[in-house]
Amino acid sequence: MDYQKILNTIYEELSHIDLQGEVASYIPELAKVDPRKFGMHLYVGKGEHFCFGDSTEKFSIQSISKVFTLTIAMQLLGENVWERVDVEPSGDPFNSLTQLEYENGIPRNPFINAGALVICDILVSNYEDPKKELLSFVRKITQDENINYDHKIAASEKSTGFRNIALVNYMKALGNIKNDVEPIVDFYFHQCSLAMSCEELAKAFMIYANNGKMLETGEKILSRTKTKRINALMQTCGFYDEAGEFSFEVGLPGKSGVGGGIVAIHPDQYSVAVWNPILNQKGNSELGMAALEKLTTMTGLSIF
Ligand code: DON
């Protein structure tokens, strides 16, 4: 298969279309990103990779980081994670507070903000310096020591992140948060600020496409079963109240972020990351979804 030719076609067909949505502005620093940025990187294994556009430029990965923190929590607690977070799609926006009230503070899944904040609480309980642990995990799976937090973005979200602070307080009132609120939200705002390029994300997500093993070294990061569970959650919950649409259009497990990035994987086949900062109403990259739809249609490689 000529993957580079397929990527070139995607770029030609999509790079000039007019988009309806807007760049995320509720995190003030994100509003400064150039809305025309567009990049894609495809990693097909054995070191082969293909790309177009701004695929090596770093951006704020935001909610994509929730896959990394969930991975670490599962390494730590295994199946016990599910005592505090459920595994059902929410059908609600990513930052919703409403379900928590009638579901007794147990978030529907680890990818909505409430669920990711419980995962943060788990990491805060288990590590003296969870920010350092997360960074070394991401640096390990990318084999890249230059990956870092963007402290300006973390501070920017901290100054406006009242819904997330409310979520932690509310879950604490309902008994599902063990630590103080401050270190949890501080860790959460930093994990969301991780700056990575499409190339780095596609490489990192190869572990989920490769049964939990790093491609180059063969080192096992996650068991086959845990990898299966994370991929299932990406499929059913990775796009919040647009998870059905993403499955329908693209047909891959994936995860989005309000920085405009989307990562998706095809087990045993490939990992792909795409970035354009303009979001649709559900907070997912409009162009990113269109690019991935074209990729799975043109390659014939979706999981369905
Ligand atoms: O908590 C927030 O609102 C952001 N830091 C992350 C949200 C996000 O990326 C949702 N994904 N599409």
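Remember, it's 1-based here, ligands and their atoms both numbered in the order they're listed. Keep in mind it's a predicted model, so treat the numbers as computed, not measured.
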Distance under 4.0 Å to a non-hydrogen atom of Asn284: what atoms of ligand 1 satisfy this? 12 (N)
Could you tell me whether Lys37 and Glu57 have a side-chain N and a carboxylate O separated by less than 4.0 Å? yes
Are the charged groups of Lys131 and Asp129 less than 4.0 angstrom apart, N to O? no
Please list, in number order, the atoms of ligand 1 under 4.0 Å from a heavy atom of Asn113. 1 (O), 2 (C), 3 (O)
Residue Cys192 vicinity, atoms of ligand 1 by number, heavy atom under 4.0 Å: 5 (N)
Looking only at protein heavy atoms, which one is nearest to atom 3 (O) of ligand 1, and what is the separation? Tyr26 OH, 2.6 Å
Check side-chain contact (heavy atoms from CB on, under 4.5 Å) between Glu286 and all other residues, then give those that pass, not counting sequence neighbours. Leu19, Gln20, Ile278, Asn280
Can you tell which part of Ile64 has a heavy atom less than 4.0 Å from ligand 1: side chain, backbone, both or neither? neither
Donor + acceptor pair across side chains of Tyr240, Ser96 (<3.5 Å): no
Please write down residue, atom name and distance for the protein heavy atom closest to atom 9 (O) of ligand 1. Ser63 OG, 2.6 Å
Is there a polar contact between ligand 1 and Val258, counting only N or O atoms under 3.5 Å apart? yes
Sub-4.5 Å side-chain heavy-atom contact between Leu301 and Met1: yes
Show me the donor-acceptor pairs, under 3.5 Å and distance only, between side chains in residues 156-167 and residues at least two apart or in other chains.
unit_1, atom_1, unit_2, atom_2, d
Ser156, OG, Glu29, N, 3.0
Glu157, OE2, Asn164, ND2, 3.4
Lys158, NZ, Glu182, OE2, 2.9
Lys158, NZ, Asp186, OD1, 3.0
Ser159, OG, Ser156, O, 2.7
Thr160, OG1, Tyr26, O, 3.0
Thr160, OG1, Ser156, O, 3.4
Arg163, NE, Asn95, O, 3.2
Arg163, NH2, Asn95, O, 3.3
Asn164, OD1, Asn113, ND2, 3.0

Lys255 N/O to ligand 1 N/O under 3.5 Å: no
Do Asn8 and Gln4 get their side chains close enough for a donor-acceptor pair, meaning under 3.5 Å? yes
Protein contact to atom 4 (C) of ligand 1 [nearest heavy atom, distance to 0.1 Å]: Gln62 OE1, 3.1 Å
Test of proximity, Gly283 against ligand 1: N or O pairs below 3.5 Å: yes
Residue and atom name of the nearest protein heavy atom (relative to atom 2 (C) of ligand 1), distance in Å to one decimal: Glu157 OE2, 3.1 Å
Less than 6.0 angstrom separating the ring centers of Phe205 and Tyr270, yes or no? no
Note: ligand 1 atoms sitting under 4.0 Å from heavy atoms of Gly257 are 9 (O), 11 (N), 12 (N)
For ligand 1, is Asn95 a contact, meaning one of its heavy atoms is under 4.0 Å away? no
Considering distance alone, does some N or O of Tyr240 sit under 3.5 Å from an N or O of ligand 1? yes
Those atoms of ligand 1 less than 4.0 Å from some heavy atom in Tyr188: 1 (O), 2 (C), 4 (C), 5 (N), 6 (C)
Tell me if the aromatic rings of Phe239 and Phe111 count as close, with their centers under 6.0 Å from one another. no
For ligand 1, is any non-hydrogen atom under 4.0 Å from Leu279's backbone (N, CA, C, O), its side chain (CB onward), both, or neither? neither
Leu295 side, atom CG; His266 side, atom NE2 - distance, nearest 0.5 Å: 10.0 Å
